[in-house]
Amino acid sequence: MKVRREQSMAVPMSILKTASQLLFSFYRAARKIRNFFFHHRNPSRLNQHQLPSISSCRLEGRKNFSLLFNFHNSLLRTKSLFSFFMLVAFEGGGLFKAILLLLAYPIILLLGPNSESALRVMVFVTFCGLKCSDMNIVARAVLPKIYTEEIDRRTYEVAVAAGKRGVLTSLPKVMVERFVEECFGETQVFGPELEVVGGKYFTGRFAAGGTVAERMWAVKDRFGEEKADVGLLRLSDLNDQLLIPCSKEVYVVTKEEPNSINSTRTSATAAAATADPSITNLPREKYPKFPIFHDGRLAFLPTPSTSLCLVLYLPFAFLLSLLRILTGLLLPYSLSPLLGAALGVHFRMIQHRPLSSSSPSPSGVLYVCTHRTLLDPIFLSHALFRPIPVVTYSLSRFSESISPIPTVRLTRNRLRDSHTMRRLLAAGDLAVCPEGTTCREPYLLRFSPLFAELADDIEPVAIEAGCSMFYGTTATGMKSLDPIFFFLNPRPSYRISFLGRVPKEMTLAGGWSAADVANRIQRELAEELGFQCTALTRRDKYLLLAGSDGAVPDSSPEKS
């Protein structure tokens, strides 16, 4: 009883402690406002250190040097912390927590968006009551893609060349540590650690490293009196300047020098770079580990303005999504595309080659499709103006019950699945997605060759889905909500391209192996979509994002 009572009092006491800290934060905010005007009257104090730009940092001859840099101010191009907290609040805590964080933004703005006081507010609103397991999913499956797209190329080039790295961050370590280690290997992260109650929930308070002074003492303990060989910072951030006494050489990451370090450029290139600071983006081919697989619902980085637009749009979006779904379920195939277009759904069909004039096969046509969302076979049926049955590895009970087309589950047993697909092909046409799962990025997963063993009448179908606000797929969330989230987008789009029948001489009937047929069709579809082929599988995706093989147990009898 005593232990239970102590646990029940833990969260209220944390709230009281945080409230007292916030009152003290207002006092500190007033002092910061006074210092702000003081610095504006004395601008020379902000520029007392005339430091070289990162473009002048030469790596030739440097081996195993130590590097110290700020995570969100040097490695990432986005300097605002609010967007990353909003992402965690929405993906980990849900819509209600995201709205609370948005309502707290005026206070955050008053305190200073990146000040210690504002940081405490954002941490408390975002993490109070958040499950540790939910945060682990966000850190593993959501944040890496956002971070990767925001990497500054110049800082990355220096960090990769370093032999010993230290990363200073105002973000909680749980939001940063996993990504930094995957990006650079063993790296020391100096950031706030959060308090956890019962081993399951965050309290929203700092356990250690909540102040800049604490983090700087940790840096000094790590590097000792030797200091780091190189330090990277931005002069726009006063806290970032605290890295100066901990580094032997200091370079400033500026917007005015977008050229890559250790490289030459012409005057024309330099002028273009100065006019377009976005050239500092890290090219996709240089990504340390491109997130082919990622999760989460938001398809954009939620800044304060876009977050406000999202909250204001959602009530209308839910009604719009419902109308779009009812249109596809209730109206005939000849009318639903027209009304769907009036509701903002962009649907385009392309027929590259006419149907084969060869004698019809006794069995149906096997449509081999790329897989973008659960709606792929439904849009395929609308394109052909008739329901096309589809086989799938996993489908939620809810999606299966409201599906307007026949769905059949595969069992992962090769013999049983072959028998099921042969029976369906004998009854008519059939759609299959040999990737076995969806992929959001412009990549195609490995095609299972099973389909090539079962049919000679094969038609590849390139399917591409477009979204701007919400992803219509998930690996760790509720799959039954996938169609709803896809239709929540202001203007969802689908493009279906029929590539024509595969010549019989290029199937098993022509002496090709099933693997060769599958690989050829994969390359043909990738070329049509402008995607890249990979050897990754469904298992790889779910092991990375969900820690499982993605199998959904089926206790019901097989549906025909």
Side-chain angles (χ1 to χ4, degrees), residues 290 292-293 352-353 363-377 379-380 388-395 407-422 424-425 429-465 473 475 495-544 549-551:
F290 184 78
I292 296 177
F293 301 129
H352 283 281
R353 295 192 292 269
S363 61
V365 177
L366 183 62
Y367 293 98
V368 179
C369 310
T370 57
H371 202 8
R372 309 313 287 176
T373 76
L374 293 178
L375 299 171
D376 295 343
F379 276 94
L380 174 67
I388 304 295
V390 62
V391 290
T392 178
Y393 281 106
S394 62
L395 193 67
T407 60
V408 179
R409 294 194 183 194
L410 298 179
T411 62
R412 297 179 179 272
N413 183 298
R414 192 176 185 83
L415 293 178
R416 289 184 59 187
D417 292 343
S418 298
H419 174 74
T420 300
M421 293 177 66
R422 289 184 190 278
L424 293 171
L425 280 170
D429 297 343
L430 179 66
V432 63
C433 300
E435 292 174 279
T437 187
T438 58
C439 183
R440 297 173 174 179
E441 297 300 321
Y443 295 89
L444 292 186
L445 308 186
R446 183 178 67 84
F447 276 28
S448 170
L450 177 61
F451 73 89
E453 302 173 1
L454 307 177
D456 294 329
D457 257 351
I458 302 173
E459 179 157 3
V461 182
I463 298 179
E464 186 174 10
T473 61
R495 181 171 73 93
I496 295 183
S497 302
F498 293 92
L499 305 188
R501 303 281 177 86
V502 176
K504 289 291 182 65
E505 58 270 18
M506 294 184 178
T507 64
L508 257 67
W512 285 46
S513 67
D516 290 339
V517 175
N519 291 337
R520 177 189 177 277
I521 292 177
Q522 183 196 32
R523 290 192 299 269
E524 187 176 357
L525 290 172
E527 183 179 355
E528 169 64 22
L529 296 171
F531 290 0
Q532 295 183 29
C533 296
T534 73
L536 298 173
T537 64
R538 169 191 176 88
R539 179 181 176 84
D540 296 324
K541 171 184 173 179
Y542 279 89
L543 284 176
L544 176 65
D549 62 356

Please name the pair of heavy atoms, one in [X] and one in [Y], separated by the smallest distance, quoted to 0.1 Å.
X    : Y    : answer
C533 : A526 : SG-CB, 3.5 Å
A452 : L508 : O-CD1, 3.3 Å
A518 : S448 : CB-O, 4.4 Å

Are the side chains of [X] and [Y] in touch, meaning some heavy atoms are under 4.5 Å apart?
X    : Y    : result
L445 : H371 : no
V390 : V432 : no
C369 : L380 : yes
L499 : V461 : no
K504 : D457 : yes
I521 : F451 : yes
C439 : I292 : yes
I388 : L430 : no

> So T392 and V408, side-chain contact (heavy atoms from CB on, under 4.5 Å) or not? Walk me through it.
Replying inline: CA-CA 6 Å; T392 178; V408 179; over 6 Å; no
>> One pair to check against salt bridge (Lys or Arg N to Asp or Glu O under 4.0 Å): E453 and R414. What are the steps and the verdict?
In response: CA-CA 11 Å; E453 302 173 1; R414 192 176 185 83; 2.6 Å; yes
Whether [X] side chain and [Y] backbone form a donor-acceptor pair below 3.5 Å:
X    : Y    : answer
E435 : F447 : no
E459 : Y367 : no
D376 : R372 : yes
K541 : T438 : yes
R538 : T437 : no
D516 : W512 : no
Q522 : V517 : no
D429 : G364 : no

> Under the side-chain hydrogen bond (donor to acceptor under 3.5 Å, both in side chains) criterion, do D540 and T537 qualify, and how do the steps go?
Replying inline: CA-CA 5 Å; D540 296 324; T537 64; 3.3 Å; yes
Rounded distance (nearest 0.5 Å) linking atom [atom1] of [X] with atom [atom2] of [Y]:
X    : Y    : atom1 : atom2 : result
L444 : L536 : CG    : CG    : 11.0 Å
F293 : Y542 : CZ    : OH    : 10.0 Å
I458 : L366 : CD1   : CG    : 6.0 Å
H419 : L424 : NE2   : CG    : 9.5 Å
F531 : L525 : CZ    : CG    : 10.0 Å

>> Would you say that more than 12 heavy atoms from the other residues, nucleotides or ligands in this model lie under 6.0 Å from the CD of E527, or not?
In response: no
>> What I want to find out is whether E528 reaches R523 closely enough, with some N-O distance under 4.0 Å, to be called a salt bridge.
In response: no
> Salt bridge or not for E524 and R520, using N-O below 4.0 Å?
Replying inline: yes
>> One pair to check against side-chain hydrogen bond (donor to acceptor under 3.5 Å, both in side chains): S418 and R416. What are the steps and the verdict?
In response: CA-CA 5 Å; S418 298; R416 289 184 59 187; over 6 Å; no
> Between the side chains of R440 and T473, does any donor sit under 3.5 Å from an acceptor?
Replying inline: yes
> After noting the C-alpha distance and the side-chain angles of R446 and T534, does the key distance pass the side-chain hydrogen bond (donor to acceptor under 3.5 Å, both in side chains) rule?
Replying inline: CA-CA 6 Å; R446 183 178 67 84; T534 73; over 6 Å; no
